[in-house]
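Everything below concerns the one structure shown next.
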Amino acid sequence: MDQRKGSGSDANGGLAEATASRLRFEDPDEVMEENHAAAAATVGAEEEGGEGGGGEEVIGSDKTSADYYFDSYSHFGIHEEMLKDVVRTKSYQNVITQNSFLFKDKIVLDVGAGTGILSLFCAKAGAKHVYAIECSQMADMAKEIVKTNGYSNVITVIKGKVEEIELPVPKVDVIISEWMGYFLLFENMLNTVLYARDKWLADGGVVLPDKASLHLTAIEDAEYKEDKIEFWNNVYGFDMRCIKKQAMMEPLVDTVDANQIVTNCQLLKTMDISKMTPGDASFTVPFKLVAERNDYIHALVAYFNVSFTKCHKMMGFSTGPRSKATHWKQTVLYLEDVLTICEGETITGSMTVTPNKKNPRDIDIKLYYALSGHRCQVSRTQHYKMR
C-alpha cells in the first residue's frame, strides 16, 4: 500500500468513482505544500496520552469513552493534521468564499468548531453572526484565535456539548460542520449535527455539507497483507495466530495506491444530511464488484465522497484512492480468503454497518462476499470492529 512508500506519496488520477458523472468535485487551489498528514497511529497515541503531560489523569477514573473522544481533540496535533489536509480545509474555504450568498447576513452554527477555522471563513464571507460550539479544551484557544483576528464581535465560541448547551438565538440559517470520520462514520459527529439541525435550523435553512456517500472497491495487496496479517503465523519461531484473528477484525486505515484496484468502484450508500434521521446511519446494502483484469484480491476498500449541493455550482471532494490523499485515507477490510479472479467475473455480497451498542462512536461491520469464478469459488461472512 502507498504508506509503505512514504505517506507523502500521492495517487492522483481524477475521480473514477460511480458518482463522477453526476457530481462535480471542486479541486482545491494549490496554495499550500503537499499534505503532510500524520499517521493514524499518532492520533491514537495522543488519545492515550490524555490531557496533561505529567500523568495527572488517573487511569480508571469515571470518564466515559465519549469523554476520551473529546479529550483527544484538546491536543493541537490532531488539529494541525486536519488543517494541513489541503483537500479538506481548502474545499470548505472554497465552498464558503465562492458562495457568499449562503452566508451574507446569515446566522451560522459551526458544530465541532475546533480551532474555529470554519467560523473564521464564514465571518470573512459576511455572516451576521457565527456561533462556534466546541466541547474540548480547544474552545479556549478558539476564543483567543477569534479575538486575535478581530472577529470577537461576529463569532461567539461556546464551550460545551451541542446536546447540553443553549444558543442565544432561537434559530440559525446555516449549520456547517466537518463531522466525517474514518469510513465516514467512525468517531463521527453526524448524530450531533442532526440534533442541531432538528433543534435550531430555520425553515429553508442549509446544512453544509448536505450529501455524503460511501463507496467500495477491491484491491490486490499481497505484500502488505503478508506484513500485517500473516506475520502472526510465525513470530521468531512462535505461533501467535490468535492475534491474527483479532488483526483480521480490525479495519486498517491507510492510503491505497490506485494501481492496486482490481474491480470497479461501487456506490454503497448516500446520506442526505438535510433529511436523514440518526437511524439511517445503520444499514445493510448489497454490492457487486466486477473485475477489470485478471488478478488476486486480498481486501475490500471503503472510502467516502462529500458534496455541497446548495452552492452556485456543485462542489465537494472525494477520499477515494484515485483522488488526492486526505487525512481520512481509505479503510481496508482484509479478506480471510485470497480470491483468484478473472476479468469480467463478479464478487457479490452485502455489507451491514451499525454503531456499536456500548459506544455509538465505534462501528461494527458485517461483510458477506461470494465469488463463483473459473478459478475460485468461495463464500464467507466476516465481522469487523472499528475501535
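Bear in mind the structure is a predicted one, so any value in this text is a computation, not a measurement. The first residue in the sequence is number 1, and the count goes up from there.
- Note on residues 120-129: pairs passing side chain to side chain donor-acceptor pair (under 3.5 Å), not counting sequence neighbours, are His129-Thr156.
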| From CA spacing to verdict: ring pair (Phe, Tyr, Trp, His ring centres under 6.0 Å), Tyr92, Phe308 | CA-CA 9 Å; Tyr92 274 87; Phe308 301 80; 5.3 Å; yes
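- Rounding to the nearest 0.5 angstrom, the gap separating the OH atom in Tyr182 from the OG1 atom in Thr319 is 11.5 Å.
- A heavy-atom distance below 4.5 Å is not found between the side chains of Asp173 and Val206.
- For Lys171, the NZ atom sits in a packed shell: over 12 heavy atoms of surrounding residues, nucleotides or ligands are nearer than 6.0 Å.
- With contacts defined as side-chain heavy-atom distances shorter than 4.5 Å, the pair Glu134/Lys159 does not qualify.
- The distance between the ring centers of Trp328 and Phe186 does not fall below 6.0 angstrom.
- For the residue pair Asp221/His298, the side-chain donor-acceptor check at 3.5 Å is not satisfied.
- Note that the CZ atom of Phe101 and the NZ atom of Lys106 stand 8.5 Å from one another [nearest 0.5 Å].
- Taking every heavy atom of both residues into account, Pro170 and Trp200 meet most closely at O-CD1, 3.6 Å.
- The closest side-chain donor-acceptor pair between Asp210 and Ser274, if any, does not fall under 3.5 angstrom.
- Gln93 and Ser91 share no side-chain donor-acceptor pair at under 3.5 Å.
- Considering only heavy atoms from C-beta on, Asn99 stays 4.5 Å or farther from Lys313 through its side chain.
- The heavy-atom pair separating Asn188 from Arg361 by the smallest distance is O-NH1, 2.9 Å.
- In this structure, Ser213 and Leu267 approach most closely via the heavy-atom pair CB-CD1, 3.6 Å.
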| request: In sequence, state the C-alpha distance, the side-chain angles, and the governing distance for Arg380 and Asp337, and then conclude on salt bridge (Lys or Arg N to Asp or Glu O under 4.0 Å). | output: CA-CA 9 Å; Arg380 188 183 297 276; Asp337 306 285; 2.6 Å; yes
| message | As a quick check of understanding, evaluate side chain to side chain contact (heavy atoms under 4.5 Å, CB included) for Asp110 and Cys122, giving each step before the final call. | response | CA-CA 9 Å; Asp110 181 359; Cys122 292; over 6 Å; no
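- Panel note: side chain Thr284, backbone Thr352; no donor-acceptor pair is recorded below 3.5 Å.
- When the shell of 6.0 Å around NZ of Lys228 is examined, it contains 12 or fewer heavy atoms from other residues, nucleotides or ligands.
- Closest heavy-atom contact between Val285 and Phe283: CG1-CD1, 3.9 Å.
- Tyr368 and Tyr384 sit in two unconnected hydrophobic clusters of ILVMFWY residues. Membership requires side-chain heavy atoms under 4.5 Å apart, directly or through other members.
- Looking at Asp364 and Thr354, their side chains never bring a donor and an acceptor atom within 3.5 Å of each other.
- By the neighbour-count criterion of 12 heavy atoms within 6.0 Å, atom CZ of Arg375 is sparsely surrounded, having that number or fewer from other residues, nucleotides or ligands.
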| task | Determine, stepwise, if the pair Trp232 / Phe238 fulfils ring pair (Phe, Tyr, Trp, His ring centres under 6.0 Å). | result | CA-CA 9 Å; Trp232 299 106; Phe238 298 100; over 10 Å; no
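- Considering only heavy atoms from C-beta on, Glu226 stays 4.5 Å or farther from Phe231 through its side chain.
- Between the side chains of Asp257 and Gln260, no donor-acceptor pair is found at a separation under 3.5 Å.
- Val235 and Ile229 sit in two unconnected hydrophobic clusters of ILVMFWY residues. Membership requires side-chain heavy atoms under 4.5 Å apart, directly or through other members.
- Counting only distance, with no hydrogens or angles, the side chain of Glu250 and the backbone of Leu252 share no donor-acceptor pair below 3.5 Å.
- His215 and Thr217 are not linked by any side-chain donor-acceptor pair at a separation below 3.5 angstrom, with hydrogens and angles left out of the test.
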| request: Apply side chain to side chain contact (heavy atoms under 4.5 Å, CB included) to the pair Tyr303 and Leu214, showing each step before the final yes or no. | output: CA-CA 6 Å; Tyr303 61 93; Leu214 188 65; over 6 Å; no
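- For the atom pair CG (Leu190) and CD1 (Ile273), the distance works out to 5.5 Å, reported to the nearest 0.5 Å.
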| message | Set out, in order, the CA-CA distance, both residues' side-chain angles and the distance that settles salt bridge (Lys or Arg N to Asp or Glu O under 4.0 Å) for Glu166 and Lys199, then state yes or no. | response | CA-CA 10 Å; Glu166 289 296 332; Lys199 185 172 183 178; 3.2 Å; yes
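- Between the side chain of Ser136 and the backbone N or O of Met138, at least one donor-acceptor pair lies under 3.5 Å.
- Residues Ser119 and Val108 are not in side-chain contact: their nearest non-hydrogen atoms beyond the backbone lie 4.5 Å or more apart.
- Between the side chains of Thr192 and Glu163, at least one donor N or O lies within less than 3.5 Å of an accepting N or O.
- A pairwise comparison of heavy atoms in Ala258 and Arg322 identifies CB-CG, 3.9 Å as the closest pair.
- With hydrogens and angles left out, the side-chain atoms of Gln382 and Tyr334 include no donor and acceptor closer than 3.5 Å.
- Between the side chain of Thr346 and the backbone N or O of Thr348 there is no donor-acceptor pair closer than 3.5 Å.
- As a member of the Ile/Leu/Val/Met/Phe/Trp/Tyr network built from side-chain separations under 4.5 Å, Val290 groups with nothing else and remains a singleton.
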| query | Stepwise, does the side chain to side chain contact (heavy atoms under 4.5 Å, CB included) test hold for Glu343 with Glu292? | reply | CA-CA 5 Å; Glu343 183 177 356; Glu292 297 178 341; 5.8 Å; no
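- Atoms CG and CE, from Leu194 and Met271 in turn, are 9.5 Å apart once rounded to the nearest 0.5 Å.
- Between the side chain of Gln330 and the main chain of Val256, a donor-acceptor pair closer than 3.5 Å is present.
- The side-chain heavy atoms of Tyr195 and Asn191, taken from C-beta on, include no pair separated by under 4.5 Å.
- The closest donor-acceptor contact from the side chain of Glu345 to the backbone of Gly373 lies at 3.5 Å or more, if one exists at all.
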| field | Pair Glu178-Arg88, salt bridge (Lys or Arg N to Asp or Glu O under 4.0 Å): steps then yes or no | value | CA-CA 9 Å; Glu178 191 274 85; Arg88 165 199 180 268; 2.6 Å; yes
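- Put simply, CD1 on Ile243 and CG on Asn233 are 11.5 Å apart, with the number rounded to the nearest 0.5 Å.
- Across Ile96 and Leu118, no two heavy atoms sit closer than the pair CD1-O, 4.0 Å.
- Counting heavy atoms from C-beta on, the side chains of Val172 and Leu167 come closer than 4.5 Å.
- Summarising the hydrophobic clusters (Ile, Leu, Val, Met, Phe, Trp, Tyr; side-chain heavy atoms under 4.5 Å, direct or chained), the residues clustered with Tyr296 are Val338.
- The hydrophobic cluster containing Val353 does not contain Met249, counting ILVMFWY residues as joined when their side-chain heavy atoms lie under 4.5 angstrom apart, directly or transitively.
- Looking only at distances, a side-chain donor or acceptor of Thr89 sits under 3.5 Å from a matching main-chain atom of Leu83.
- With contacts defined as side-chain heavy-atom distances shorter than 4.5 Å, the pair Val306/Lys211 does not qualify.
- A donor-acceptor pair is defined here as one N or O able to donate and one able to accept, closer than 3.5 Å; such a pair exists between the side chain of Asp280 and the backbone of Thr277.
- Within a 6.0 Å radius of CD in Gln377, more than 12 heavy atoms belonging to other residues, nucleotides or ligands are found.
- Distance OG1/Thr263 to CG/Leu216: 7.5 Å, rounded to 0.5 Å.
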